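Letters go in sequence order (proteins before strands), and every chain restarts at 1. The shown structure was predicted, so the numbers you read here are calculated from the model rather than taken from an experiment.
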Amino acid sequence: MEKRVKERREGLPELPNAEKGKVILRFAPNPNGPLSFGHGRGVVINSQYAETYDGKLILRFDDTDTSRKPPLPLAYEQIPEEIEWLAGFKPHLTIMASDRIEVYYEHAVKMLKMGAGYICTCSADEFKQFRVAKSNCPCRDNSSEKNMQGWEKMLDGTYSPGDAVVRVKTDMANKNPALRDWPAFRMQDTITNPHPRKEIGSKYRVWPLLDFQSAVEDHLQGVTHIIRGKDLMDSTRKQVLLYEHFNWEYPETIYWGRVKVHEFGGFSTSEMRKDIEAGIWSGWDDPCLPTMATLRRRGIDPIAFRDFWIELGLTQKDIAVPLSSLFAHNTKKIDATAPRLSFVRNPDAISVGIDADERMSSISVKSHPKEDIGMRKISFDWNERGTDIYIENEDSTANADIGMRLKDWCDIGPIAEGFSQMTSLEPATELAKIHWVAKGGASPATLMRPEGKQLHTIEGLLENHDFPIGTIVQLERVGYARIEKDGNLIYTHD
RNA sequence: GCUCGCGUAGUGUAGCGGUCCAUCAUGAAGGCCUCUCGAGCCUUCGACUCGGGUUCAAAUCCCGGCGCGAGCACCA
């Protein structure tokens, strides 16, 4: 009997009805902040499919809410960079919804003239009653002339925000309440809350809602496949009803479920923005925040982040993943190129006694135990008794009675009054191997280590080095860390 | 309340009627290797939400229950 090994599908599943070279995908974030951890999924999945099918990826800024989720100017610049970092290429086309308001207006007018939509002057509460009761609101019977008059009143400011909306006619008896005559346009007070893009500012009073804007734009751009969260399933259903009015064909749509990262409970872009402005966080790349900027800063490899998302796949299950899953991917990417370096926390000065004939001016240590990525040199200053080093307090107390192995150098005997005699250059296997730095060969540095919403700042002595800013190193017996601009360290992961 | 969706080892996934006493990764435990508590290698552990039905045959199809999540915003 032979055991058959079943073929296991690798990577993402095939896209339905996808023809190589003709696939058009889009990634449509709200630029109310730079990209978050969760946006990574949209970037990775869409860009991966674009590559696989030799298709196009459109970046669309859905910036149509000027008051609740106002766009952040910085985001328009940072998001494209973040996409390029993660996807490995620039979007083939970038669109801003705020540039396309008049196009949406044309479609609104078309819809009103067709009798497929109407101006509704009911309040949100009033309409809710109709929605619950499955009955038509009085505005539903407006003639198209009356609707056009209403539309003009919205545009010219006769109406104020809250007075009127444009609704898409579906069916008030639709068994899914979410689909009943849904709103397509509302008014916004752009005098009080101008759109942050200067060229838009207070130019428009009437703004499309996502379901309308996105639906029209997807059609106009020839989007063939929409990949979105399953919380948008009803959005798809609303849009399909709109497409039927226009006689358009809706793109293939694929959904993913909700992802929660254990370590990051309860962060939203709006909340982060508020807290950054309040000074709670140092910026969008604060070590504690679940943003792509922070991931980059902490030394997460973009390929590892891609692998992480691709492994999660495209299921509609709601999942909760630990950050360690991403870290496992990252270790695979960075370990081979991460130079080893010693970082001594809670340093204890130890004087090491060495006979004069065994003193060398320096030793050379491999930067990586397996890979050939160079050597580092550790120099010593000698005095009458020997030389001074620092080791972690925890190590010196734990091993004071028996001595220890100074990794890559020598064994030392028991420590008494800050002094220990070197016993051998060759390692005695029974001794604990600890890391250390030479007195003149290290400089004070801090290691920033985020733990949930807490940032721990660990002081220590970092072995001297000449690695450039941004190098990801492995601190012996501590973990991976990235060298920051000021020479300090930010913790990557274990 | 109405509507929609999901439910495979601790976690995440593959499988989607027989080749499944169910894949792979991660995790945990043990071992090997190694001058790091890192990497690598090996072994082990561990799952089809429940109940009916259809069928010669169900993780896979159907119905119901249960659990979880989402939508019903003049947010995206």
Side-chain angles (χ1 to χ4, degrees), chain A residues 2-10 13 28-32 62-65 67-69 97 120 122-125 127-128 131-132 134 161-167 174-180 182-188 206-207 209-211 213-214 228-238 255 257-260 262 268-270 307-308 310-322 324-329 331-332 334-336 338 340 342 365-366 368-371 405-411 426-429 431-435 474-480 494:
Chain A
E2 62 170 337
K3 203 172 182 185
R4 300 255 312 265
V5 178
K6 195 137 200 171
E7 196 87 9
R8 187 185 149 82
R9 203 202 75 227
E10 282 295 323
N30 180 340
N32 61 337
D62 282 344
D63 55 349
T64 55
D65 184 337
S67 52
R68 289 167 198 250
K69 294 182 177 176
C120 175
C122 300
S123 71
D125 276 345
F127 191 82
K128 192 176 178 179
R131 184 169 51 233
V132 171
K134 297 187 181 179
D163 292 347
V165 296
V166 178
R167 289 190 183 282
N174 190 306
K175 64 175 188 166
N176 185 344
L179 312 189
R180 296 172 195 158
W182 52 273
F185 287 82
R186 87 307 209 175
M187 297 182 67
Q188 298 191 98
V206 179
W207 286 79
L209 275 323
L210 173 83
D211 290 318
Q213 178 271 126
S214 176
R228 52 165 55 144
K230 67 174 182 177
D231 53 312
L232 261 26
M233 276 183 163
D234 282 344
S235 199
T236 300
R237 297 183 182 105
K238 290 182 205 174
Y255 304 95
R258 197 173 184 74
V259 175
K260 268 188 188 161
H262 207 84
S268 73
T269 299
S270 314
D307 289 347
F308 166 83
I310 288 169
E311 184 173 63
L312 297 190
L314 267 180
T315 65
Q316 290 185 28
K317 275 169 78 170
D318 294 327
I319 55 176
V321 287
S324 58
S325 163
L326 168 62
F327 296 160
H329 284 289
T331 299
K332 289 188 174 70
I334 64 175
D335 183 72
R340 271 51 177 171
S342 286
V365 178
K366 290 176 76 177
H368 191 289
K370 295 281 183 295
E371 308 293 328
R405 173 71 186 175
L406 301 178
K407 187 171 180 287
D408 297 315
W409 184 28
C410 68
D411 287 356
E426 290 310 306
T429 50
L431 294 177
K433 276 178 203 116
I434 66 157
H435 62 111
Q474 194 203 64
L475 304 176
E476 299 265 12
R477 302 205 298 142
V478 176
Y480 299 96
D494 294 336

Practice task
Ignoring hydrogens and angles, answer whether the base of B:rU26 and the side-chain atoms of A:Glu311 contain a donor-acceptor pair closer than 3.5 Å.
Solution key: no
Taking the side chain of [X] as its heavy atoms from C-beta onward, which of [options] lies nearest to it?
X: A:Arg258; options: B:rA70, B:rC74, B:rA76; value: B:rA70
X: A:Asp335; options: B:rA39, B:rA76, B:rC74; value: B:rA39
X: A:Gln316; options: B:rG5, B:rC2, B:rC74; value: B:rG5
X: A:Ala178; options: B:rU36, B:rC72, B:rC74; value: B:rC72
X: A:Asn176; options: B:rG71, B:rU26, B:rG12; value: B:rG71
X: A:Asp318; options: B:rG5, B:rA39, B:rC75; value: B:rG5

Fill in the blank from the handout: dist A:Ile334:CD1 -> A:Lys332:NZ (nearest 0.5 Å) comes out at 12.0 Å
Please determine if a side-chain N or O atom of [X] lies less than 4.0 Å away from the OP1 or OP2 oxygen of [N].
X: A:Arg477; N: B:rC37; result: no
X: A:Lys332; N: B:rU26; result: yes
X: A:Thr315; N: B:rU13; result: yes
X: A:Arg9; N: B:rG15; result: yes
X: A:Arg186; N: B:rC75; result: yes
X: A:Lys317; N: B:rU8; result: yes
X: A:Lys175; N: B:rC4; result: yes
X: A:Thr64; N: B:rA76; result: yes

Using the [atom1] atom on both, measure [N] against [M] and round to a whole Å.
N: B:rA9; M: B:rG46; atom1: C1'; value: 5 Å
N: B:rA58; M: B:rC41; atom1: P; value: 39 Å
N: B:rC35; M: B:rG30; atom1: P; value: 22 Å
N: B:rA59; M: B:rU43; atom1: C1'; value: 28 Å
N: B:rC61; M: B:rG17; atom1: C1'; value: 7 Å
N: B:rG65; M: B:rC20; atom1: C1'; value: 27 Å
N: B:rG40; M: B:rC6; atom1: C1'; value: 39 Å

Watson-Crick/G-U partner (both atom distances under 3.5 Å) of [N]:
N: B:rC24; value: B:rG12
N: B:rG5; value: B:rC68
N: B:rC32; value: B:rG40
N: B:rU19; value: none
N: B:rC74; value: none
N: B:rG51; value: B:rC63

Handout entry: CA sep, side-chain torsions, deciding dist, call: A:Trp182, A:Leu209, side chain to side chain contact (heavy atoms under 4.5 Å, CB included)
Key = CA-CA 10 Å; A:Trp182 52 273; A:Leu209 275 323; over 6 Å; no
Practice task
Pick out which of A:Met187, A:Arg186, A:Gln213 makes a side-chain contact (heavy atoms from CB on, under 4.5 Å) with A:Trp207.
Solution key: A:Arg186
Exercise for the section: With A:Arg340 as reference, evaluate A:Arg477, A:Lys366, A:Gln474 under the side-chain contact (heavy atoms from CB on, under 4.5 Å) test and give the passing residue. Expected result: A:Gln474
Practice task
Flag the pair A:Ser342 / A:Lys407 as yes when at least one side-chain heavy-atom distance between them is below 4.5 Å, and no otherwise.
Solution key: no
Practice task
Determine whether the side chains of A:Asp65 and A:Asn30 contain a donor N or O and an acceptor N or O closer than 3.5 Å.
Solution key: no
Handout entry: Pair A:Arg228-A:Ser235, side-chain donor/acceptor within less than 3.5 Å
Key = no
Using a 4.0 Å heavy-atom cut-off across all strands, classify [X] as base, sugar-phosphate, or nothing.
X: A:Asp65; result: sugar-phosphate
X: A:Phe127; result: nothing
X: A:Gln474; result: base
X: A:Lys433; result: sugar-phosphate
X: A:Pro369; result: base
X: A:Ile319; result: sugar-phosphate
X: A:Val165; result: base
X: A:Cys122; result: base
X: A:Ser342; result: nothing
X: A:Gly162; result: base
X: A:Leu209; result: sugar-phosphate
X: A:Ala336; result: nothing

Problem - Candidate pair A:Lys128 and A:Asp125, rule salt bridge (Lys or Arg N to Asp or Glu O under 4.0 Å), full reasoning - result: CA-CA 5 Å; A:Lys128 192 176 178 179; A:Asp125 276 345; 5.9 Å; no
Separation of [X] atom [atom1] from [N] atom [atom2], in whole Å?
X: A:Ile334; N: B:rU36; atom1: CD1; atom2: P; result: 18 Å
X: A:Lys370; N: B:rG38; atom1: NZ; atom2: C1'; result: 10 Å
X: A:Arg237; N: B:rA70; atom1: CZ; atom2: C1'; result: 10 Å
X: A:Leu406; N: B:rU36; atom1: CG; atom2: C1'; result: 13 Å
X: A:His435; N: B:rU36; atom1: NE2; atom2: C1'; result: 8 Å
X: A:Tyr480; N: B:rU36; atom1: OH; atom2: C1'; result: 10 Å
X: A:Asp211; N: B:rC74; atom1: CG; atom2: P; result: 11 Å
X: A:Leu312; N: B:rA14; atom1: CG; atom2: C1'; result: 14 Å

Handout entry: Pair A:Asp408 + A:Lys433, salt bridge at N-O below 4.0 Å
Key = no
Problem - Candidate pair A:Lys260 and A:Asp318, rule side chain to side chain contact (heavy atoms under 4.5 Å, CB included), full reasoning - result: CA-CA 8 Å; A:Lys260 268 188 188 161; A:Asp318 294 327; over 6 Å; no
